[in-house]
Amino acid sequence: MLALAPLSHLEKLAAATQPALSLAPWSPGTLDIHHISTGRGSCAFLMCPDGTTLMIDAGSILSHIEPYRDKFLIDPRPNESLRPGQWIARYVQHCLAEANRNEIDYFLLTHFHEDHMGEIAPGNFTLSPKSRFGNYQLGGVTDVAELIPIKTIIDRNYPSYDYPLPHNSPQDKNYQEFGRSFIQRGGQIERIIPGSTSQITLTQEQAKFPSFSIRNLAANGEVWTGVGEETRHYFPRLDSLNAKDYPTENKCSLAIRLSYGKFDYFSAGDMDHEIRYGHLPWGDIESVVAKASGPVEVAVADHHGWVDACGPEWVQALRAQVYVINAWDSAHPTMTSLNNMLSKELYPGPRMVFSTAMKPESVIALRRIAEITSQNGHVIFRVAPSGDSFEVFVKDSGTENGKVVSRFGPFLCN
Ligand SMILES: [Zn+2]
């Protein structure tokens, strides 16, 4: 038997003061929000206090593979041996097993872009195999649904898929064919109802957690007013616009605010504030929606912190303690967006920024990178059973079931 070398005084001290870097399994009453780092798009998985499960987006872009390769992209995580949707499903299966669940109650699709719903290579069954359930290909949400049962899907435009124009890309058609098969197999798809707090509710033991709610803030430019469940249509009527000025897919994203006790979480897909030099006076949808939300503890950076998102008014309205960026590109985030999130002129007090991934070149380009708390890894928010405080964990995403590499908090909710 090998004898262990005695610890030096400093090592003993470090061992004694270092908090345990592990994440205990989820337990009832706790809210866990996992931002899963694949480097290929957005995905959050939520284990709610009663065990209700919710996924927001399951992005999967193909652009790391020829002929799609794109030099601006971050390398896939943990590696290319599986598709991002498969990695997501395996990560989530682990969480489900810990909570004695085996299905996703709600899948929320913020908008119909590849880095949120999944990209497929049409007709290429090596890159995007066929489903065993229906006549569609696997990538993103369809990969997740192949491995984990989903009960209800909520998107922004079911069942017509025609706003502002018919959705006809290969990804759109693949998703719609998946939807038909999903319904035939007993699944449910709904269009999000802006303003509502009764569309997404706890499914297991709702009565036990009265302070938990999910407010649908917006979709397709229809925004909650803050009064009852009233909404206001913020985009102009289409017949008053030239087709080239129609609201973009990003602007049409759906948005929610989740509340649990004093804890609030904001997620709004790829909304932006682009007004095309004043040409689209209604273009700043992200600020309108952030004002409808009000301050939160955690905000997901709109549009991955791209140059057209996370503007000053958005930051000022949300006043978040933590921003999390679902990154897959060298411009996630851009310097301007990061400056806004870090600006103490917009609101005083401490805040932290976490990114799920970072391209090595961006570390040079982003001068304030040292002010980002974590550049890489799954970002997990654990909200205490009271909803009074939360902690942040970062898990290594370079390997499957990677270790917890850092832990922050607990932080008091405002
Ligand atoms: Zn996106």
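Ligands are counted one by one from 1 in listed order, and the atoms in each one are counted from 1 as well. No hydrogens, no waters, no symmetry mates; every other heavy atom, side chains included, goes into these values.
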Practice task
Check the angle between the aromatic planes of Y161 and F112 and answer parallel, tilted or perpendicular using the 30° and 60° thresholds.
Solution key: perpendicular
Problem - F390 and F411 aromatic ring geometry - parallel, tilted or perpendicular at 30°/60° bounds - result: tilted
Practice task
Quick one: name the protein N/O/S atoms under 2.8 Å from the Zn ion (ligand 1), chain by chain.
Solution key: D115 OD2, H116 NE2, D270 OD2, H304 NE2
Fill in the blank from the handout: The side chain to side chain donor-acceptor pair (under 3.5 Å) partners of R77 (sequence neighbours excluded) come to N376
Problem - Mutual orientation of the aromatic rings belonging to Y323 and W314 [parallel < 30°, tilted 30-60°, perpendicular > 60°] - result: tilted
Handout entry: Whether Y175 and F178 hold their rings parallel, tilted or perpendicular, with breakpoints at 30° and 60°
Key = tilted
Exercise for the section: Determine the interplanar angle of the H304 and H116 rings, folded into 0 to 90°, and report it as parallel if under 30°, tilted if 30 to 60°, perpendicular if over 60°. Expected result: tilted
